[in-house]
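Notes follow the structure.
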Amino acid sequence: MQASADSTRMECLWSNWKCQAIELLYWRDIKQTGIVFGSVLLMLFSLTQFSVVSVIAYLALAALSATISFRIYKSVLQAVQKTDEGHPFKSYLDMEISLSQEQIQKYTDCLQAYTNSIVKELRRLFLVQDLVDSLKFAVLMWLLTYVGALFNGLTLLIMAVVSMFSLPVVYDKYQAQIDQYLGLVRTNMNTIVTKIQAKIPGTKQKE
């Protein structure tokens, strides 16, 4: 009973996170997505020029400059207008931001599930449970050696972020044409894999 309830909560948490991600990546709220996209890109580009410590320090200084300036401005304004509106950030200071034990447990369970899934998949690939899948993984790692020689990790991360916020919109607009080409590629790949499986002893085509 408890396991079923925990599973239901995990599904709800995943569904909620997935909906929020879709809203962001498909630019349903242009202002919100623009802020997130711009902030992430600014931070990543800053990391290409400065160290992590410097970027964190500059961000903290910028935030403090904004909040201190606004605090002084509101204090002066209240003094001139002789009003008593209180602290300008009172609503945020009173907001509950601590995570409950239940929320921590949810996120921990979710992280544990993903970790276990990744470990099992890596074990399957490295111990060659399926020879064709392990060969595919080896080819992918070989290709990544060339990618790593051309780009550093930060550049790849920037490209990944740009792709995350642009490709879903492009696919949504040109879905029919993209699906047609992807179908052709998938058919050719399946044909190649079938031929490889037929020639390698000890492998069989998946049903």
Side-chain angles (χ1 to χ4, degrees), residues 13-14 16-67 99 104 107-175 177-179 181-186 188-190 192-193 196:
L13 181 65
W14 168 252
N16 183 45
W17 181 88
K18 186 177 180 181
C19 290
Q20 292 178 352
I22 290 175
E23 291 291 323
L24 275 177
L25 298 180
Y26 280 87
W27 296 77
R28 301 289 164 75
D29 186 334
I30 297 179
K31 182 179 180 180
Q32 182 181 14
T33 302
I35 292 174
V36 174
F37 182 46
S39 300
V40 172
L41 271 188
L42 178 62
M43 184 182 67
L44 291 176
F45 278 120
S46 298
L47 289 173
T48 62
Q49 303 296 324
F50 307 100
S51 67
V52 176
V53 175
S54 297
V55 171
I56 294 175
Y58 281 128
L59 289 175
L61 284 174
L64 282 171
S65 299
T67 53
L99 291 174
I104 293 176
Y107 293 124
T108 303
D109 291 342
C110 186
L111 179 61
Q112 181 183 6
Y114 279 117
T115 302
N116 290 339
S117 177
I118 292 173
V119 170
K120 289 179 180 178
E121 182 65 17
L122 290 176
R123 180 184 63 181
R124 188 182 71 85
L125 292 170
F126 280 104
L127 298 183
V128 199
Q129 180 177 344
D130 185 297
L131 181 57
V132 174
D133 286 346
S134 295
L135 288 174
K136 290 179 184 177
F137 184 65
V139 171
L140 176 61
M141 293 299 102
W142 177 69
L143 292 175
L144 286 179
T145 61
Y146 289 94
V147 174
L150 294 174
F151 308 102
N152 60 32
L154 196 55
T155 303
L156 290 174
L157 188 57
I158 292 174
M159 293 171 63
V161 170
V162 173
S163 299
M164 284 173 57
F165 282 89
S166 58
L167 292 182
V169 178
V170 174
Y171 177 76
D172 192 46
K173 187 174 182 180
Y174 302 102
Q175 183 175 357
Q177 297 92 323
I178 294 175
D179 285 344
Y181 289 114
L182 287 178
L184 294 173
V185 172
R186 190 179 297 111
N188 292 332
M189 287 298 298
N190 290 337
I192 294 173
V193 169
I196 293 175

Practice item. List the steps, then state whether side chain to side chain contact (heavy atoms under 4.5 Å, CB included) holds for L24 with Q32. Key: CA-CA 7 Å; L24 275 177; Q32 182 181 14; 4.1 Å; yes
Calculate, to the nearest 0.5 Å, the distance between atoms [atom1] and [atom2] belonging to [X] and [Y] respectively.
X    : Y    : atom1 : atom2 : answer
Y171 : L182 : OH    : CG    : 7.0 Å
R186 : N188 : CZ    : CG    : 11.5 Å
L122 : F137 : CG    : CZ    : 6.0 Å
L140 : T145 : CG    : OG1   : 10.0 Å
R124 : D130 : CZ    : CG    : 6.0 Å
L47  : L42  : CG    : CG    : 9.5 Å

Minimum heavy-atom distance [X]-[Y], with the two atoms named:
X    : Y    : result
I158 : L44  : CG1-CB, 3.7 Å
T33  : E23  : OG1-O, 3.8 Å
P168 : S163 : CD-O, 3.5 Å

Review point. Is there side-chain contact between L25 and M164, with at least one heavy-atom pair below 4.5 Å?
Key: yes
Check your understanding: Is there a side-chain contact between V139 and L135 (heavy atoms, below 4.5 Å)?
Key -> no
Check your understanding: Should D109 and Q112 be marked as a side chain to side chain contact (heavy atoms under 4.5 Å, CB included) after you check the CA-CA gap, both sets of side-chain angles, and the distance that decides it?
Key -> CA-CA 5 Å; D109 291 342; Q112 181 183 6; 4.1 Å; yes
Exercise for review: Mark yes or no for whether T67, through its side chain, and L64, through its backbone, hold a donor-acceptor pair below 3.5 Å.
Suggested key: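 Yes.
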Practice item. Name all residues meeting the side chain to side chain donor-acceptor pair (under 3.5 Å) criterion together with T48; count only those two or more places apart in sequence or in a different chain, and write none if there are none. Key: none
Point to revise | Criterion side chain to side chain contact (heavy atoms under 4.5 Å, CB included) on I22 and Y26, from CA distance to verdict | key: CA-CA 6 Å; I22 290 175; Y26 280 87; 3.7 Å; yes
Exercise for review: Give a yes or no on whether I30 atom CD1 has more than 12 heavy-atom contacts from other residues, nucleotides or ligands under 6.0 Å away.
Suggested key: no
Exercise for review: Kindly write out the residues that satisfy ring-ring contact (aromatic ring centres under 6.0 Å, His included) with Y181, not counting sequence neighbours, or none if the list is empty.
Suggested key: none
